[in-house]
Amino acid sequence: MARGYDFKSIEAKWQQIWEESGVFSVKEDPDKPKFYLLEMYPYPSGRIHMGHVRNYAIGDVMARFLRMRGYNVLHPMGWDAFGLPAENAAIEHGIHPARWTYENIAYMRAQLKRMGFSYDWDREITCSDPDYYRWGQWLFLKLHEKGLAYRKSSTVNWCDVCQTVLANEQVEGGLCWRDESPVVKKDLVGWFFRITAYAEELLSGLDGLSGWPEPVKVMQRNWIGKSVGAEVRFPLAGRQEALTIFTTRQDTIFGATFMILAPEHPLALSLSKGTSEEKEVIAFIDRMKREDKVRRAAADVEKEGVFTGAYAINPLTQERIPIWLGNFVLLEYGTGAIMAVPSNDQRDFEFATKYGLTIRLAVVPIDAEMDESTIGEAYEGEGVLVNSGPFTGMGSREAREAIADFLEQKGMGSRSVNYRLRDWGISRQRYWGNPIPIIYCKKCGTVPVPYEDLPVILPQDVEITMKGGSPLAKVASFVNVPCPRCGGPARRETDTMDTFVDSSWYFLRFASPHALDAPVERSQVNYWMPVDQYIGGVEHAVLHLLYARFFTKAVRDLGLVSVDEPFARLLTQGMVCKETYRCPEHGFRLPEEVDAEGRCRECGRPAEIGRTEKMSKSKKNIIDPDDLLAKYGADTARLFCLFAAPPEKDLEWSDQGMEGTFRFLIRIVRLVEDHKGFLRSPSGPIPFAKLVAGRALYRKAQQTIQRVTQDIENEFHFNTAISALMELANEIGRFDTVGQPDEEEDRRFAYTYALEILVILLSPFAPHLCEELWECLDRKTSIFSTAWPTYDAAIIQAEEILVVVQVDGKVRSRVYLPSSADEDAMRGAALADERVRGWLRDRSIGKVVVVPKRLVNIVTGEHR
RNA sequence: GCGAGAGUGGCGGAAUUGGCAGACGCGCUGGACUUAGGAUCCAGUCCCGCGAAAUCGGGAUGGGGGUUCAACUCCCCCCUCUCGCACCA
């Protein structure tokens, strides 16, 4: 026990009481405003880390605060329990993924309980439970019926380490988001969700999300990548067909002097057939196929291409222009073909320069000279059209409309919109995930598993390896099933769903976690949704948060929910960071691997104190929440996370900061315990008007109510809320409890009041200790069934205000005035102030600026 | 390259409808109590200067310019850092 603060028994005691009383389980209640507060559920990796502690501490303050403010708060927790690490554990330690996962969950649930988070555990969801994943399968089948889930062959991102496909969103800079190994391309058949069907709504919906951080919305907008332009048909010379391209710059079409196709373009081979270029074209296509997609897509790779031998007709100039293949043209975007305008597109310019192709100006800047013979780079800005027939002289912006109209009138093309967003590939060639409920029959083709046969249970006895394809494919009893349609022999789909599918609707399930005949119970989900406040890491800005928005809209269109957007407000908390130690020979070192002189204990070389980085095992700078619980307890750990930085910023870990926070709690314990005999006033409350000795302290307590309430409510400024509490604690500590005998009642009353306010206001941050102190203060019911205190604006207003007096903008004096002082009184008092008069000697008074209740600025004229 | 965000004491951070820059905490310095202090309490702590002293003077919010009675806050230019996207036609 530490100096009178026995956090271990206090925390255990109250956690047990909360659990037994079930105070945090909720149900729908029409008499209270509802509030759905959600933090991103964790992957059960083994133990919680500081990022979880911070995330959930932020959420728990909100939950407890809002309950005391009279809201009906839904605050659930669950487990993102499917995923690859479970399979890795199976291979490394021979533990079954299910056992590994459920043991981790048991341990982590206990950790969360020891942190004292106020979850409604009755609603706990584990997405690897058949009760949960059957509804994921059900939703898959519904999406399939609507054409929103489909199967296709495509070139996919393949991670060799994970032995599975990755979605576009899961590739970061050409590397796997999970293990940072290079991603390679591979042709595979797999299942996709048609997220692109919602591209426009996902984009426009962002405008309504005023409670989301702007950076996240920007990232999503960029990811969706809407481009407005036109599709234009370029007739092929000597053929009936035409080549369709997409462009956003139809105003530059008169400068289109050649065309480029992606090497994989279906016309690529046939165009060169029979030409003298055929051999080279085949060789080029082969080479591109072998080359890694990621490397090819990097911007710094040199552009290269090959002439197909074929020509197209520029529909506006009627010019015969050559068709090339180019490594930088992507099959997946637009039509996989482009018109090349080297004068107005830098990529086309580089290509044209390399291969000696024609460059002709189409759009030139208004105020600068440009010449085909001297052009050094493409001009990509807005400007004026040249060489453009009837459109010459038109502004480029205007010309885009005019040329689009022209193309539509002549039947040469049409306005068109393209998105960078691709459909979401959800097939994973792994075991520990939700089985895709599809059966393949030779006779009937692709057959959905009938709803009444759900769930497709993930079999238990599976040999897990990281090679040779999906583990499920080797389980004969799973694979071989009769076709639901014809009864003939058929086989199951052996891919499982991306785990992001599970997390795309778990927030809906929390509203009715035990619904037996549907994924959600409609009245309950409509009562609770949307999530009023969602809290989690910014790393999911485009992954989970985009998928979840898509799912919500799709599920809405199935008639299951009535909201358009799942998360009304979003808080993305910063990372938890700590300084690192690095030895030139041994790399990152643990703090205990470095001695007091800062040398590596192994080789004696000075270890460099590295930069502050996100806590991670590999950087050896993690803090284990279990250690904090043992040394300081949950309240201190939570309070420090909230005090050290505002939630959206990175938090820099500081052991000394932890100590300071711990000391603060000990001081509060002493404030209560050292004055036990002094507390409580037998004669009842004293009206503020009659308070004398305790007047200032009472007012400070009232002011603190205002500050803490506002800081929590607006912008989540927990750090400043806590500093306000520290100020109040300091003032209580300074308060003279002795005084004159006739003032004793007055002092007792104010002291007790201030202390009670301190404990209540602190309770969302340090709930266990505050319950305990509340009990010490002789209160009989839980502090969390107490209403959040209110303040009186008239009391908060001090009788006297401090007015700053400036002369020519510099502070020269300060005067105290009654708070009722009007502008004239302020001006008069300022001008009468002796110090100010000294500064005004020899000068004439020009303007006098008066800011009510704050400041007087006297502007002087020239010297007299 | 494009997009977004951020630069304030020794450190984490306060203060932006423009109105006392540095709240609160850490660290540090001095003192008290102590056999002892890495416990606790009290005082001090942005920089420079005069001074016995402060309700003294000057300077200071990445750098430079501007608007204003008044700028950490608004406008323009520049520098640095972080994050996201990265040949998307």
Side-chain angles (χ1 to χ4, degrees), chain A residues 2-3 172-174 213-223 225-227 229 245-249 252 260 296-303 326-330 332-341 344-348 350-351 418-422 538-539 541-542 574-575 612 640 643-646 648-661 663-664 666-667 670 707 717 719-727 729-730 733-734 802-815 833-835 846-860:
Chain A
R3 290 141 284 178
E172 295 173 347
E214 202 53 44
V216 174
K217 290 194 279 186
V218 169
M219 279 191 256
Q220 292 211 355
R221 272 189 204 109
N222 292 342
W223 189 262
K226 180 179 181 175
S227 296
I245 58 99
F246 172 75
T247 181
T248 56
R249 292 299 304 270
T252 66
I260 316 178
R296 206 184 103 195
D300 49 9
V301 167
E302 205 191 336
K303 294 175 181 41
N327 62 341
F328 69 96
V329 176
L330 308 171
E332 314 87 76
Y333 186 78
T335 63
I338 63 166
M339 66 173 195
V341 184
N344 294 102
D345 185 295
Q346 185 59 21
R347 297 159 299 182
D348 300 346
E350 287 166 26
F351 198 85
N418 252 285
Y419 298 91
R420 214 187 71 115
L421 182 69
R422 306 286 148 76
V538 74
E539 66 273 16
V542 280
M575 299 181 296
T612 302
F640 174 71
F643 178 59
E648 70 280 2
K649 286 180 72 172
D650 285 352
L651 175 122
E652 191 179 328
W653 188 262
S654 157
D655 291 329
Q656 287 166 333
M658 235 354 240
E659 285 284 350
T661 308
R663 279 202 292 268
F664 168 63
I666 292 172
R667 265 200 298 276
R670 267 203 300 265
R707 280 182 62 186
H717 285 167
N719 54 333
T720 50
I722 295 165
S723 79
L725 291 169
M726 288 172 166
E727 282 184 44
N730 289 343
R734 273 194 299 270
L802 175 65
V803 174
V804 172
V805 186
Q806 297 181 332
V807 177
D808 290 328
K810 286 189 161 44
V811 179
R812 295 305 184 192
S813 185
R814 297 170 175 86
V815 293
D833 183 75
E834 215 169 296
R835 290 176 41 76
K847 196 155 84 173
V848 178
V849 182
V850 180
V851 181
K853 296 189 195 293
R854 300 202 108 156
L855 170 142
V856 178
N857 187 13
I858 301 159
V859 185
T860 64

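Just so it is clear: chains get the letters A, B, ... in the order the sequence lines come, proteins before strands, and each one is counted from 1.
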Heavy atoms under 4.0 Å, any strand shown: does [X] hit a base, just sugar-phosphate, or nothing?
{"X": "A:E214", "value": "nothing"}
{"X": "A:L802", "value": "base"}
{"X": "A:S654", "value": "nothing"}
{"X": "A:R347", "value": "base"}
{"X": "A:R221", "value": "nothing"}
{"X": "A:G334", "value": "nothing"}
{"X": "A:V218", "value": "sugar-phosphate"}
{"X": "A:R667", "value": "sugar-phosphate"}

Could you give the [atom1]-to-[atom2] distance, from [X] to [N], as a whole number of Å?
{"X": "A:M726", "N": "B:C26", "atom1": "CE", "atom2": "C1'", "result": "10 Å"}
{"X": "A:E727", "N": "B:G25", "atom1": "CD", "atom2": "C1'", "result": "11 Å"}
{"X": "A:R249", "N": "B:C88", "atom1": "CZ", "atom2": "P", "result": "13 Å"}
{"X": "A:L855", "N": "B:C69", "atom1": "CG", "atom2": "C1'", "result": "10 Å"}
{"X": "A:R854", "N": "B:U17", "atom1": "CZ", "atom2": "C1'", "result": "11 Å"}
{"X": "A:D650", "N": "B:C11", "atom1": "CG", "atom2": "P", "result": "18 Å"}
{"X": "A:K847", "N": "B:U68", "atom1": "NZ", "atom2": "C1'", "result": "9 Å"}
{"X": "A:N222", "N": "B:C83", "atom1": "CG", "atom2": "C1'", "result": "13 Å"}

Can you see whether A:F328 has A:K303 sitting over its ring - NZ or CZ less than 6.0 Å from the centre and within 45° of the normal?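 Relative to the ring axis of A:F328, which defines the angle, A:K303 lies inside both limits.
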Could you check A:E214 against A:K217 for salt bridge (charged side-chain N to carboxylate O under 4.0 Å, His left out), going step by step and ending with a plain yes or no? CA-CA 5 Å; A:E214 202 53 44; A:K217 290 194 279 186; 3.6 Å; yes
For nucleotides [N] and [M], find the distance between their [atom1] atoms and express it as a whole number of Å.
{"N": "B:G49", "M": "B:G10", "atom1": "P", "result": "16 Å"}
{"N": "B:U8", "M": "B:U68", "atom1": "C1'", "result": "22 Å"}
{"N": "B:G18", "M": "B:A54", "atom1": "C1'", "result": "30 Å"}
{"N": "B:C78", "M": "B:C20", "atom1": "C1'", "result": "31 Å"}
{"N": "B:A71", "M": "B:U61", "atom1": "C1'", "result": "11 Å"}
{"N": "B:G84", "M": "B:C11", "atom1": "C1'", "result": "29 Å"}
{"N": "B:C79", "M": "B:G27", "atom1": "C1'", "result": "31 Å"}
{"N": "B:G3", "M": "B:A86", "atom1": "C1'", "result": "11 Å"}

A:Q806 or A:G660: which one's nearest nucleotide on RNA chain B is closer to the 5' end?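 Looking at the nearest nucleotide for each, A:Q806 comes out on the 5' side.
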Where each residue is assigned the nucleotide of RNA chain B containing its nearest heavy atom, which of A:Y419 and A:A645 is assigned the position nearer the 5′ end?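 Taking each residue's closest nucleotide, the earlier one in sequence belongs to A:A645.
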Identity of whatever pairs with [N] - Watson-Crick or G-U, under 3.5 angstrom:
{"N": "B:C85", "result": "B:G1"}
{"N": "B:C28", "result": "B:G44"}
{"N": "B:U80", "result": "B:A6"}
{"N": "B:A53", "result": "none"}
{"N": "B:U73", "result": "none"}
{"N": "B:A39", "result": "none"}
{"N": "B:U68", "result": "none"}

Among [options], the one nearest [X] by side-chain distance:
{"X": "A:V804", "options": "B:C20, B:A89, B:G13", "result": "B:C20"}
{"X": "A:R420", "options": "B:C88, B:G12, B:A4", "result": "B:C88"}
{"X": "A:R835", "options": "B:G84, B:G13, B:C56", "result": "B:C56"}
{"X": "A:F643", "options": "B:A86, B:G25, B:G19", "result": "B:G25"}
{"X": "A:V849", "options": "B:C87, B:C88, B:G19", "result": "B:G19"}
{"X": "A:Y333", "options": "B:G12, B:A89, B:G19", "result": "B:A89"}

Is the phosphate of [N] approached by [X] (side-chain N or O, under 4.0 Å from OP1 or OP2)?
{"X": "A:R663", "N": "B:G27", "value": "yes"}
{"X": "A:R707", "N": "B:A23", "value": "no"}
{"X": "A:S723", "N": "B:G13", "value": "no"}
{"X": "A:N857", "N": "B:G19", "value": "no"}
{"X": "A:R670", "N": "B:C41", "value": "yes"}
{"X": "A:N730", "N": "B:A23", "value": "no"}

Counting only N and O atoms by type, is there a donor-acceptor contact under 3.5 Å from the side chain of [X] to the main-chain atoms of [Y]?
{"X": "A:N857", "Y": "A:K847", "answer": "no"}
{"X": "A:N418", "Y": "A:S227", "answer": "no"}
{"X": "A:R812", "Y": "A:R835", "answer": "no"}
{"X": "A:D650", "Y": "A:G574", "answer": "no"}

Going from CE on A:M726 to CD1 on A:I722, what distance comes out if it is rounded to the nearest 0.5 angstrom? 7.0 Å
Distance from A:F643 atom CZ to A:T720 atom OG1, nearest 0.5 Å?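 A:F643 atom CZ to A:T720 atom OG1 measures 10.0 Å (nearest 0.5 Å).
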Need the glycosidic conformation of B:G9: syn if within 90° of 0, anti if not. Which one?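 B:G9: syn.
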Do A:D808 and A:T860 have side-chain N/O donor and acceptor atoms under 3.5 Å apart?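 Distance-only check passes for A:D808 and A:T860.
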Would you say the side chain of A:Q806 lies within less than 4.5 Å of the side chain of A:V849, judging by non-hydrogen atoms? no
With no angle test and no hydrogens, is the base of B:C56 tied to the side chain of A:R812 by a donor-acceptor pair under 3.5 Å?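 No, no donor-acceptor pair under 3.5 Å.
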